[in-house]
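This is a predicted model, so every value here is computed, not measured. The sequence lines fix the lettering, A, B, ..., with proteins before strands; numbering per chain opens at 1.
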Number of protein chains: 2
Amino acid sequence: MNAEIIAVGSELLTPGKVDTNSLYLTQHLNDLGIEVVAKSIIGDDRSSLTEQIRTSLSRSDLVILTGGLGPTEDDVTRDACAAALGLTQHFDDAIWDAIIDRFSKFGRPPRDNNRRQANVIAGAEVLPNPNGTAPGLWLAPAPGKFVALLPGPPRELKPMVQDQILPRLRSLVPPSVIRTRWYRVAGVGESDLDALIAPIYTQYTNPVTTILAAPGDVHIHFRARTDAEPEAEALLAAVADPIVALLGDRIYSDDGATLEESVGRLLLKHGATLATAESLTAGLLGARVTETSGSSAYYVGGFQTYTNAMKTQLLGVDPAVLAEHTAVSEPVAIAMAQGARERTRATYALSLTGYAEGDQAGLVYCGLATPTGVQVRKLKLFGDRHRVRSLAVIQSLDWLRKTLL
Amino acid sequence: MNAEIIAVGSELLTPGKVDTNSLYLTQHLNDLGIEVVAKSIIGDDRSSLTEQIRTSLSRSDLVILTGGLGPTEDDVTRDACAAALGLTQHFDDAIWDAIIDRFSKFGRPPRDNNRRQANVIAGAEVLPNPNGTAPGLWLAPAPGKFVALLPGPPRELKPMVQDQILPRLRSLVPPSVIRTRWYRVAGVGESDLDALIAPIYTQYTNPVTTILAAPGDVHIHFRARTDAEPEAEALLAAVADPIVALLGDRIYSDDGATLEESVGRLLLKHGATLATAESLTAGLLGARVTETSGSSAYYVGGFQTYTNAMKTQLLGVDPAVLAEHTAVSEPVAIAMAQGARERTRATYALSLTGYAEGDQAGLVYCGLATPTGVQVRKLKLFGDRHRVRSLAVIQSLDWLRKTLL
């Protein structure tokens with residue numbers, strides 16, 4: 001079974017608004033093994049919405065509409081849905097009584113326009129709304145096709161989803177076992193990674209493979225669905241195991257741990273500590289390492305040496321070396337890492353110096369001082385200021401991770 | 001002219017993903033007086049997308065598609081658009097040359113699957129993409145109907161919108177005068193701010209007032225539309241001037257400058273420099289200050305003193321003070337700021353120490369050392385680890401800004 005979600009309301013089409021109901025619904029639908037294949041937001045326009053409902057119902061088994069059930073002329077969901085399905089509406093006395101009852105608790109009668117909220121599309125089941133005036137509606141307009149109309153306010157929608165929608169869906173989807181695996185890979189571009197693993201995962205439709213990419217950080221998600229647990233595990237293993245073997249130590253996490261968490265675990269395991277010396281990134285590396293709670297067990301601190309004078313004063317980088325090689329050079333990255341390690345007495349020290357902008361943008365040197373010596377790597381990164389700095393942090397952490405393995 | 005936006009990509013249909021491109025596009029379309037009447041997110045499915053493009057084009061003048069222009073089989077936007085419009089595609093040698101050229105900068109040849117990115121729908125104008133391999137496409141399939149295909153990554157999409165899409169749209173919409181003003185306010189919650197200014201802006205429908213909020217940072221946008229420029233300015237002044245008077249120096253920017261840019265400008269104006277001493281944030285403050293290009297003119301560097309030992313070793317914080325008051329205390333914040341200022345000889349030094357988690361989460365002390373002495377502020381911040389650290393950075397920068405005014 002697949003689903004789509006249509007949120008109704010012009011206010012959801014402004015630059016600052018996000019349709020959070022659809023995120024909530026997606027989570028619960030996915031948990032049942034129902035895939036969300038499309039989402040739409042439609043303004044308060046009857047004919048646009050009618051057209052959208054037709055399109056959605058033609059390609060999806062379940063269409064959930066949220067919002068547009070209020071009392072005003074702008075609230076077009078019931079009318080558009082009836083039009084799309086070619087069904088009539090009738091006035092429901094029981095709903096009207098419940099609306100009168102609800103208003104009486106506030107000490108006033110309903111308005112005339114509230115009467116619209118008592119309209120029911122022919123054949124629909126009425127979903128009671130204990131938290132508002134607009135009831136929901138549930139329709140099965142054709143075999144295997146379902147439409148739900150839900151109120152827009154989250155505090156009305158969520159209880160209705162829990163009490164009315166999920167129980168109905170559970171009886172519709174075959175009881176199935178869903179097993180997932182997540183892997184995270186740093187320092188490989190999305191298209192490179194895809195070229196590497198696509199020959200494997202494209203052979204399988206179950207599990208479904210999803211690749212999510214942020215700059216420098218790619219997440220691979222496998223989701224298997226079957227009737228029996230051993231089979232689900234076998235399906236997962238068939239596609240994931242060869243990919244894991246292929247990627248090897250490029251995988252930094254198989255349990256949702258972030259890159260900085262993985263590095264932190266390895267430092268803890270070795271009883272080791274880390275210091276940082278940052279020019280290009282001016283603190284981004286230390287900030288990233290300490291995103292993880294408990295990081296004070298292994299991160300001691302660092303130096304943001306943004307000027308040459310600070311590199312010399314705080315880290316002891318020789319001014320003659322800076323003059324001869326410039327601040328963005330192998331010897332300076334080495335001296336920064338060594339200086340940070342000596343001054344903090346940490347087990348490891350990482351340094352970053354580079355250009356975020358200009359002719360040589362993306363040229364970065366990363367130093368790594370260890371108990372057995374100091375090494376340096378030249379990186380060539382692409383993107384704007386923000387991206388170059390972010391990639392430099394990721395690459396330096398990933399290098400430390402591989403060193404610790 | 002009305003518009004709709006279709007975002008393409010199954011990854012945008014997961015419970016944690018928000019389509020931020022459509023928010024950015026909506027802002028710019030609205031600024032031109034183009035209303036966004038619908039938005040959709042469609043998974044990587046050719047026939048669903050084809051159907052959606054047909055539906056969208058039947059009800060809207062302009063359809064903007066984002067994403068799905070990549071090199072893999074999952075990238076279906078070009079194919080679906082060609083199918084929806086009944087047009088063919090051809091391989092474009094110039095695009096392919098540009099892709100080869102781009103890859104050569106990375107020192108390698110493109111892959112075979114990149115060839116798909118050189119396909120052009122018949123009659124389309126090619127929109128160059130200086131920030132990625134996938135060019136955009138612009139089509140005018142029928143009188144008064146327009147379709148744009150844009151890359152999904154924001155750092156590729158945004159420049160293409162600015163350089164290619166907005167100029168085309170400006171020539172298509174009737175010349176009406178639109179005047180906007182933006183104000184940014186730090187350190188005030190969205191609902192507090194709204195309670196303060198709503199009595200003013202709700203009196204006016206033109207200009208339209210929009211409030212966009214991120215934690216600790218609220219942006220207020222006014223947009224006036226008329227036929228004549230003086231009238232637009234008068235409309236803007238009527239609502240914005242009283243709000244500006246009310247907010248006073250809580251406004252840190254009226255020209256789009258970020259908080260760190262505003263602080264940087266003030267430091268430059270005073271010929272002053274800044275150093276940082278960070279415990280809680282471990283580099284986040286220095287990283288934020290240096291998000292702005294040219295920040296090396298005023299930011300000298302800083303100290304990430306995550307452990308007590310580092311506070312003493314690197315900043316000279318008295319171990320007796322640490323023992324008596326703990327690391328999260330007024331005297332330690334003061335000693336950190338003083339130590340950073342003395343060791344770097346910067347004009348100003350900011351320090352941050354606090355709890356991001358635990359019983360006292362959100363308790364933060366911020367120190368500010370200046371040429372005339374050192375001050376300290378106690379902050380009580382709310383939220384998770386990430387939010388507390390981010391708010392601490394914002395509040396410390398805003399304090400420095402007000403001090404520099």
Max heavy-atom pair count under 4.5 Å with chain B, selected residue of A/Q313, A/R343, A/Q52:
A/Q52

Any side-chain to backbone donor/acceptor pair from B/T276 onto B/G286? Under 3.5 Å, distance only.
no

Which atoms of A/D19 approach chain B - backbone, side chain, both or neither, heavy atom under 4.5 Å
neither

Let's go through A/I6 and A/I53 carefully: what are the C-alpha distance in whole Å and the side-chain angles of both, what is the deciding distance for side-chain contact (heavy atoms from CB on, under 4.5 Å) to 0.1 Å, and is it a yes or a no?
CA-CA 8 Å; A/I6 304 174; A/I53 295 169; 4.1 Å; yes

Residues that A/Y306 engages under ring-ring contact (aromatic ring centres under 6.0 Å, His included), provided they are two or more places apart
B/Y299

Please rank A/N30, A/I41, A/T26 by heavy-atom pairs under 4.5 Å with chain B and give me the top one.
A/I41

How long is the straight-line distance from OH of A/Y298 back to OG1 of A/T292, given to the nearest 0.5 Å?
4.5 Å

Could you grab the distance from atom CG of B/L280 to atom OG1 of B/T353, nearest 0.5 Å is fine?
7.0 Å

Relative to chain B, which of A/M310, A/Q304, A/E4 shows the most heavy atom pairs under 4.5 Å?
A/Q304

Proximity breakdown for A/I5 and chain B, heavy-atom pairs closer than 4.5 Å
neither

Let me see the working for A/V8 and A/L49 under side-chain contact (heavy atoms from CB on, under 4.5 Å), right down to the final yes or no.
CA-CA 8 Å; A/V8 184; A/L49 182 57; 3.8 Å; yes

So which of B/R345, B/R155, B/E35, B/E278 has the biggest tally of heavy-atom pairs under 4.5 Å with chain A?
B/R155

Below 4.5 Å, heavy-atom pairs only: which of B/S48, B/G302, B/S40 has the largest tally toward chain A?
B/G302

Using a cut-off of under 4.5 Å for heavy-atom pairs, which of A/H221, A/K311, A/K380, A/H386 has the most such pairs with chain B?
A/H386

Contacting moiety of A/T14, where chain B heavy atoms sit under 4.5 Å:
backbone

With a 3.5 Å distance limit and no angle check, can you tell me whether B/R389 reaches the backbone of A/A287 through a side-chain donor-acceptor pair?
yes

A/S60 side-chain N/O to A/V63 backbone N/O, donor-acceptor pair under 3.5 Å:
no

Partners passing side chain to side chain donor-acceptor pair (under 3.5 Å) against A/T209 (at least two apart in sequence or in another chain):
none

Once rounded to the nearest 0.5 Å, what's the spacing between atom CZ of B/R108 and atom CZ of B/F103?
5.5 Å

Among the options B/L284, B/I42, B/V300, pick out the one with the most heavy-atom pairs lying under 4.5 Å from chain A.
B/V300

Sort out for me which of B/H28, B/E11, B/E51 touches chain A most, counting heavy-atom pairs under 4.5 Å.
B/E51

Selection from A/S10, A/S58, A/S295 maximising heavy-atom pairs under 4.5 Å formed with chain B
A/S295

What part of A/R54 is in contact with chain B, defined as an atom under 4.5 angstrom from a non-hydrogen atom: side chain, backbone, both or neither?
neither

With only heavy atoms counted, which part of A/V18 is less than 4.5 Å from chain B, the side chain, the backbone, both or neither?
side chain

So, does B/N21 use its side chain to make a donor-acceptor pair with the main chain of B/G152 at under 3.5 Å?
yes

Contact leader toward chain A among B/L285, B/D45, B/T344, where contacts are heavy-atom pairs under 4.5 Å:
B/T344

Any sub-3.5 Å donor-acceptor pair from B/N113's side-chain atoms to A/A195's backbone N or O?
no

Heavy-atom distances under 4.5 Å only: say whether A/F382 touches chain B with side chain, backbone, both or neither.
side chain

Counting only non-hydrogen atoms closer than 4.5 Å, does A/E357 touch chain B with its backbone (N, CA, C, O), its side chain (CB onward), both, or neither?
side chain

Segment of A/T305 engaging chain B (4.5 angstrom heavy-atom cut-off):
backbone

So which of A/V36, A/T55, A/D194 has the largest heavy-atom pair count under 4.5 angstrom toward chain B?
A/T55

